[in-house]
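Report on one structure; see the data block that follows.
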Amino acid sequence: MSFWPKRALILGESGGIGSALSEALRVNGVEVVGLSRSRDGFDLADPTTVDRCLGMLEGTFDLVIVATGILAPSQHSPEKSLFAIEAEVMAEMFKVNAIGPALILRHIPKILTPDRPTVTVVLTARVGSISDNRSGGWYSYRASKAAANQIVRSAAIEIARKHKNACVVALHPGTVQTAFTSDYPGYEKRTAPVAAAQLIEVMKDLEPQQTGQFLDWAGKRVPW
């Protein structure tokens with residue numbers, strides 16, 4: 001039987017993929033609660049706002065989607081060489097792409113619906129795969145996403161100890177047409193609504209025994 005949520009929480013709802021996921025779920029009858037930096041002051045670079053926003057939530061959720069992240073800080077691009085690495089830029093990438101999801105995940109055990117299957121998804125990226133890295137470059141983005149993947153893996157193990165029906169996974173949405181990817185015309189991209197629909201199909205098939213996996217938009221496992 002396919003998983004289908006009654007109530008969903010989307011972190012980063014105002015972003016391209018976050019808003020598309022929110023709309024697709026609402027159209028199909030799911031009650032959606034969303035948090036974003038622009039509307040709610042939900043800032044992953046500021047732990048106090050993460051705790052404040054998540055601490056104010058009421059009730060529980062059977063689907064949580066972390067759709068946050070940056071490709072590079074403002075006025076910067078992913079590094080093409082070792083010489084382009086800047087300590088402050090790399091620290092900012094880790095703060096948003098790795099530490100931010102970790103700060104969210106520490107709240108997850110308290111907000112999951114206890115008496116039915118639940119799914120928690122953190123959108124990461126295939127370039128965070130260490131063994132799949134064949135082209136190099138993009139040091140800060142790759143490393144921050146690899147760190148996020150490890151955080152998801154560890155969180156899945158811990159959450160499963162008390163939430164036997166919980167599935168916590170990292171999902172690669174593919175290259176989506178958003179402001180993030182507008183400067184990279186060479187990549188095959190899908191619209192946010194198409195990407196959202198594909199991700200929802202993957203979520204519908206998730207089961208507790210798949211917790212801790214890294215999957216792509218087609219439901220195929222991605223190597224760590």
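Heads up: numbering here begins at 1 and tracks the sequence.
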So how far is it from [X] [atom1] to [Y] [atom2], rounded to the nearest 0.5 Å?
X	Y	atom1	atom2	result
Lys164	Thr211	NZ	OG1	11.0 Å
Lys220	Leu215	NZ	CG	12.0 Å
Ser36	Ile10	OG	CD1	11.0 Å
Asp132	Arg134	CG	CZ	4.5 Å
Arg106	Ile159	CZ	CD1	13.5 Å

Hydrophobic cluster membership, with links at side-chain heavy-atom distances under 4.5 Å among I/L/V/M/F/W/Y: are [X] and [Y] in one?
X	Y	value
Trp224	Val222	yes
Phe3	Ile65	yes
Leu25	Leu171	yes
Val121	Trp4	yes
Val169	Met203	yes

Donor-acceptor pair, [X] side chain versus [Y] backbone, under 3.5 Å?
X	Y	answer
Arg7	Phe61	no
His163	Pro109	yes
Asp62	Thr113	no
Ser129	Pro223	yes
Ser154	Gln150	yes
Arg37	Ser14	no
Arg26	Val32	yes
Gln213	Arg221	no
Glu79	Tyr139	yes

Starting from the C-alpha separation in whole Å, work towards a yes-or-no answer on side chain to side chain contact (heavy atoms under 4.5 Å, CB included) for Leu71 and Tyr141.
CA-CA 6 Å; Leu71 191 60; Tyr141 187 70; 3.8 Å; yes

Any chance you could lay out the side chain to side chain contact (heavy atoms under 4.5 Å, CB included) test for Val64 and Leu11, step after step, and finish with the verdict?
CA-CA 8 Å; Val64 179; Leu11 296 314; 3.8 Å; yes

Does atom CD (Gln209) have a neighbourhood of more than 12 heavy atoms from anything else shown, all under 6.0 Å?
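Yes - once you tally the heavy atoms of other residues, nucleotides and ligands closer than 6.0 Å, there are more than 12.
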
Inspect the surroundings of CD1 in Ile130 and state if more than 12 heavy atoms from other residues, nucleotides or ligands are less than 6.0 Å away.
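No, because the 6.0 Å sphere around CD1 of Ile130 holds 12 heavy atoms or fewer from other groups.
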
Show your reasoning for whether side chain to side chain contact (heavy atoms under 4.5 Å, CB included) applies to Ile108 and Thr118.
CA-CA 11 Å; Ile108 295 302; Thr118 64; over 6 Å; no

With side chains defined as the heavy atoms from C-beta onward, is the minimum distance between Asp51 and His107 less than 4.5 Å?
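Asp51 vs His107: side chains touch.
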
Between Leu199 and Leu123, is any pair of side-chain heavy atoms under 4.5 Å apart?
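Yes, close enough: below the 4.5 Å cut-off.
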
Of all the heavy-atom pairs spanning [X] and [Y], show the shortest one and how long it is.
X	Y	answer
Leu54	Ile104	CD1-CA, 4.0 Å
Ala24	Ile200	CB-CD1, 3.5 Å
Cys53	Phe42	CB-CD1, 3.7 Å
His76	Ala72	O-CB, 3.4 Å
Ser22	Glu13	OG-OE2, 2.6 Å
Leu105	Ala155	CD1-CB, 4.0 Å

All N/O donor-acceptor pairs, side-chain side in residues 90-103, below 3.5 Å, sequence neighbours left out:
{"from": "Asn97", "atom 1": "OD1", "to": "Ile70", "atom 2": "N", "distance (Å)": "2.9"}
{"from": "Asn97", "atom 1": "ND2", "to": "Ile70", "atom 2": "O", "distance (Å)": "2.9"}
{"from": "Asn97", "atom 1": "ND2", "to": "Ser144", "atom 2": "OG", "distance (Å)": "3.1"}

Begin from the C-alpha positions of Ile85 and Leu82 and carry the test side chain to side chain contact (heavy atoms under 4.5 Å, CB included) through to its verdict.
CA-CA 6 Å; Ile85 294 174; Leu82 287 166; 4.0 Å; yes

Using a distance-only test with no angle check, is there a side-chain donor-acceptor pair under 3.5 angstrom linking Arg142 and Ser135?
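Yes, side-chain donor-acceptor contact under 3.5 Å.
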
